[in-house]
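Everything on this sheet refers to the single structure shown next.
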Amino acid sequence: MTQAVLILIKPDGLKKSLTGNILTRLSETKLEIVAAKMVRVSQALAEEHYKQLKDKPFFPELIGYIRGELHDRKKVMALVYWGKDAIKKCRELAGATNPEEAESTSIRGSYGRITTSGVYENVIHVSSNESEAEREIKLWFQPEEIIVNLFSVKSEIEKECKKVTWA
Ligand code: IDP
Ligand code: MG
């Protein structure tokens, strides 16, 4: 089954200079990268991304974590991987949510940790199923930022819209 999956390299992954390692590990999947960018994560984007967890006691710390407040790196790297069984392949490589329980050879098992305040710093986000992947990809990317047509689109004419371009 050809699927798309949202991957985020979280602020701890960036701070620990793990981008190259993580992308190398993910390349084992032979999936195609169809979108990639650096993002400053607003409060609204963070809360929408993790909205299923809003009632959890760790939610405020989680929002601070993904916004980079714990790591002096106020950015994440967002990518879309695309190909056969993309979600299963990427989640297997990522490992379990709790880095202490993740297989030691997985990305989270190799590089994750639990902070003293109890946040799972697990260096990478991977969408958990197809509907979550669609919701998350549409949240993080605009259609023109993705080099394949993943989901249906609509066109509209923007009026009087300020746009910044190269001078
Ligand atoms: P996932 O990232 O493996 O899909 P989710 O349950 O969607 O796991 O949780 C999102 C993120 O919230 C996790 O990656 C982790 O950073 C954090 N998290 C999840 N459960 C806990 C917990 O019980 N304690 C602390 N942090 C957690
Ligand atoms: Mg999840």
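Whatever order the structure lists them in is the order used to number ligands and atoms, beginning at 1.
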key: Those atoms of ligand 1 less than 4.0 Å from some heavy atom in Leu62   = 11 (C), 12 (O), 16 (O), 17 (C)
inquiry  = Just to be sure I'm reading this right: ignoring hydrogens, which of Tyr65, Tyr120, Phe59, Tyr50 gets closest to atom 24 (N) of ligand 1? Compare them by their nearest heavy atoms.
reply    = Tyr120
key: Ring-face cation contact, Tyr111 with Lys16, 6.0 Å cut, 45° max   = no
request  = Determine whether any heavy atom of Lys10 lies closer than 4.0 Å to an atom of ligand 1.
outcome  = yes
Over 12 non-hydrogen atoms of neighbours within 6.0 angstrom of CD in Glu32 = yes
message = Distance check, rounded to the nearest 0.5 Å: Tyr50 atom OH versus Phe58 atom CZ?
response = 9.5 Å
ask   = When clusters are formed by joining ILVMFWY residues with side-chain heavy atoms under 4.5 Å apart, either directly or through shared neighbours, do Met77 and Val39 land in the same one?
value = no
task = Provide, to 0.1 Å, the distance between atom 1 (P) of ligand 1 and the closest protein heavy atom, together with that atom's residue and name.
result = Thr97 OG1, 3.6 Å
request  = Quick one: look at Asn98 and ligand 1, take heavy-atom pairs under 4.0 Å, and tell me if it's side chain, backbone, both or neither.
outcome  = neither
Taking atom 9 (O) of ligand 1 as the reference point, the nearest protein heavy atom with its distance = Leu53 CD1, 3.4 Å
ask   = For Gln3, which of Lys84, Glu130, Lys89 qualifies under side-chain hydrogen bond (donor to acceptor under 3.5 Å, both in side chains)?
value = Glu130
message = Which residue in the set Glu134, Glu132, Glu136 passes side-chain hydrogen bond (donor to acceptor under 3.5 Å, both in side chains) when paired with Ser127?
response = Glu136
request  = Consider ligand 1: state whether an atom of it lies below 4.0 angstrom from any non-hydrogen atom of Arg108.
outcome  = yes
inquiry  = Can you confirm if the NZ or CZ of Lys10 lies within 45° of the ring axis of Tyr65 and under 6.0 Å from the centre of its six-membered ring?
reply    = no
task = Would you mind listing which atoms of ligand 1 come within a distance below 4.0 Å of any non-hydrogen atom of Gly118?
result = 24 (N), 25 (C)
message = When you measure from the side chain of Arg40 to the backbone of Lys74, do you find a donor-acceptor pair of N or O atoms at a distance under 3.5 Å?
response = yes
inquiry  = Show me which atoms of ligand 1 lie under 4.0 Å from any heavy atom of Asn122.
reply    = 13 (C), 14 (O), 15 (C), 16 (O)
ask   = Considering only heavy atoms, does Phe58 approach ligand 1 within less than 4.0 Å through its side chain, its backbone, both, or neither?
value = side chain
Ligand 1-proximal atoms of Arg91, by part, heavy-atom distance under 4.0 Å = side chain
